[in-house]
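Taking it in order: structure first as structure tokens, then the write-up.
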2 protein chains.
Amino acid sequence: MVRETNDAERPLRADAARNRTKILEAAAQVFAQRGLEATLDDVAEAAGVGVATVYRRFPDKGALVVALFEDAVEEIAALARRASDFEDSWAGLTFFIEEVLQRECANQGLRDVIVGSPYARERMALAKQRIGPVLGELIARAQREGLVRADLVESDVLVIEMMISTLGGAANKAAPDLWRRYLALALDALVTRRDAPRSLPAAPSAEVVLEALRASTARRGALRA
Amino acid sequence: MVRETNDAERPLRADAARNRTKILEAAAQVFAQRGLEATLDDVAEAAGVGVATVYRRFPDKGALVVALFEDAVEEIAALARRASDFEDSWAGLTFFIEEVLQRECANQGLRDVIVGSPYARERMALAKQRIGPVLGELIARAQREGLVRADLVESDVLVIEMMISTLGGAANKAAPDLWRRYLALALDALVTRRDAPRSLPAAPSAEVVLEALRASTARRGALRA
DNA sequence: CATCAACCGGAGGCATTCACTCCGTTTTTA
DNA sequence: TAAAAACGGAGTGAATGCCTCCGGTTGATG
């Protein structure tokens with residue numbers, strides 16, 4: 001799952017290698033749950049390790065983030081290619097949107113990376129350059145076939161995913177599938193025409209939704225006292 | 001526009017009253033643009049006044065926020081009532097959503113208040129208790145008339161407004177009307193059935209959109225380096 | 001089993017941010 | 001003109017967060 005020690009260097013001592021793994025696992029867990037705003041101290045604690053040990057393996061927070069998420073980003077690029085191979089372009093498009101959204105909602109850290117965290121900014125910019133055209137072509141095909149509204153633009157998809165994942169990630173504990181409701185709603189907006197609306201996954205109680213709402217906008221300072 | 005000095009107290013000195021006004025105006029401006037995460041030091045500077053002067057007039061940040069936004073919140077409650085008076089329930093609903101959204105997008109501070117900033121939390125909770133039923137009834141009426149999808153729920157409206165205003169507020173400088181595009185999209189999702197999609201306000205360049213995206217999720221730490 | 005490089009932990013260092021206060025000076029009012 | 005009111009902005013204290021230092025421990029090696 002994670003690349004072993006650098007190729008040209010002598011292997012790590014057994015305990016060091018063990019700790020490196022523990023760190024990556026803990027980081028995956030912590031960043032997924034709390035996003036990149038989690039501290040390396042948090043990661044260290046979750047790994048049952050001192051902070052210094054983390055910094056001994058990874059020069060800084062950004063390095064750890066990149067190590068953790070480059071696979072995930074790669075996977076998204078692969079999803080775009082798979083989506084564009086669908087016979088049914090609309091199915092391909094929804095496939096892509098849903099798969100990405102699911103990953104973003106399950107993983108706040110991934111979402112931060114995608115939306116442009118400076119910890120992995122240019123890495124992500126590169127990926128976007130590859131994904132963009134593929135996605136754009138898929139949309140164009142769906143439009144040619146009259147399945148998707150003609151005025152839809154590639155960046156709309158990004159925006160929609162960002163809007164939904166903001167809520168989805170925050171709601172994760174109380175209502176892990178809340179995002180599916182708004183995905184369904186969004187998809188209904190993308191088609192050229194429809195008769196009956198597709199059925200929506202059930203909404204949780206208003207309290208849960210409101211709480212998710214608040215959590216999702218937690219720009220510090222604005223929302224914490 | 002803003003209430004004068006407290007009723008029972010002796011009137012402020014001329015310069016003090018003048019400054020109080022300048023502070024409120026500056027705060028309105030600053031909070032609108034940058035949200036409640038703006039500092040009282042920022043407000044003071046914008047007002048051309050020392051921080052102490054701000055604190056002399058308002059015991060703390062929360063007091064200033066409440067003084068600034070209670071009218072705006074009240075106005076939203078009024079909008080809900082006006083909306084429910086519409087003959088055409090769908091028109092009423094879209095009226096409400098659009099008016100609120102416009103205010104939220106033009107005013108990040110208002111958005112923070114609505115979404116649950118602790119600076120005005122219970123104030124807002126009270127307002128929601130009044131607005132909720134009115135909005136709920138309006139939705140129910142539109143559903144009875146077959147205009148709005150049957151599975152729409154009151155909190156959905158809140159969620160949609162929050163999702164769009166997140167983006168809209170952030171995009172304010174580069175693309176002040178970007179939110180209208182996603183509002184149009186969202187409305188297309190709410191109706192029971194439609195043939196042609198309503199036309200969408202034009203999308204700005206992808207760069208602008210991406211930048212807005214990034215700005216809108218600026219949870220500090222996750223996105224600032 | 002002895003040696004020592006590699007590794008470990010976690011207490012700080014350092015820089016930043018932000019709400020709020022203190023106090024010597026200035027302005028208003030009576 | 002003098003006292004009361006108000007002023008400004010440097011300063012305080014409390015977080016927060018990235019990262020480092022260093023005295024002690026542990027694992028590979030002969």
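The analysis underlying the following values was restricted to heavy atoms, covering all of them including side chains, and did not include hydrogens, waters or symmetry mates. Proteins get letters first, then strands, A, B, ... in listed order; numbering begins at 1 in each.
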Exercise. Within this structure, what is the CG-to-P distance between Asp41(A) and dA15(D), rounded to whole angstrom?
Worked result: 17 Å

Exercise. Can you find a side chain N or O atom of Thr53(B) that sits less than 4.0 Å from OP1 or OP2 on dA6(D)?
Worked result: no

Problem set entry | Identified side chain to side chain contact (heavy atoms under 4.5 Å, CB included) partner of Val54(B) from the options Asn19(B), Asp41(B), Leu40(B) | Leu40(B)

Exercise. Under 4.5 Å between any side-chain heavy atoms of Ile97(A) and Glu161(A), yes or no?
Worked result: yes

Problem set entry | Rounded distance (Å) that lies between atom P of dG17(D) and atom CZ of Phe31(A) | 12 Å

Exercise. Could you state the CG-C1' distance from Asn19(B) to dA6(D), rounded to the nearest angstrom?
Worked result: 9 Å

Exercise. Looking for any heavy atom pair under 4.0 Å, which part of the strands does Ala52(A) touch: base, sugar-phosphate only, or nothing?
Worked result: base

Exercise. NA contact type, Gly62(B), heavy-atom cut-off 4.0 Å: base, sugar-phosphate, or nothing?
Worked result: nothing

For this session: Might you confirm whether atom CD of Glu137(A) has over 12 heavy atoms from other residues, nucleotides or ligands at distances under 6.0 Å?
Result: yes

Exercise. Under 4.0 Å: is that the gap between some side-chain N or O of Thr39(A) and OP1 or OP2 of dT16(D)?
Worked result: no

For this session: Provide, to the nearest angstrom, the distance between the NZ atom belonging to Lys61(B) and the P atom belonging to dT21(C).
Result: 15 Å

For this session: On DNA chain C, check which nucleotide each of Arg56(B) and Pro59(B) is closest to and give me the residue with the more 5' one.
Result: Pro59(B)

Exercise. Can you check the Leu36(B) CG to dA19(C) P distance for me, whole Å?
Worked result: 10 Å

Seminar exercise, completed: Taking for Gly48(B) and for Arg13(B) the nucleotide of DNA chain D with the nearest heavy atom, the one nearer the 5' end belongs to Arg13(B)

Exercise. Just how far, in rounded Å, is P of dC20(C) from CG of Asp42(B)?
Worked result: 14 Å

For this session: Calculate the interatomic distance between Asp60(A) atom CG and dC19(D) atom P; express it in whole Å.
Result: 5 Å

Exercise. When all nucleic acid strands are considered with a 4.0 Å heavy-atom cut-off, which category describes Arg57(A): base, sugar-phosphate, or nothing?
Worked result: sugar-phosphate

For this session: Side-chain contact test, heavy atoms from C-beta onward, threshold under 4.5 Å: evaluate it for Val208(A) versus Leu178(A) and give yes or no.
Result: no

Seminar exercise, completed: By nearest-nucleotide position on DNA chain D, the 5'-leaning member of Val51(B) and Val51(A) is Val51(B)

For this session: Round to a whole Å and report the spacing from CG of Leu12(A) to C1' of dG27(D).
Result: 13 Å

Problem set entry | Min side-chain heavy-atom separation Glu70(A)-Glu74(A) under 4.5 Å | no

Exercise. The side chain of Ala14(B) lies closest to which of these nucleotides: dT20(D), dT26(D), dT29(C)?
Worked result: dT29(C)

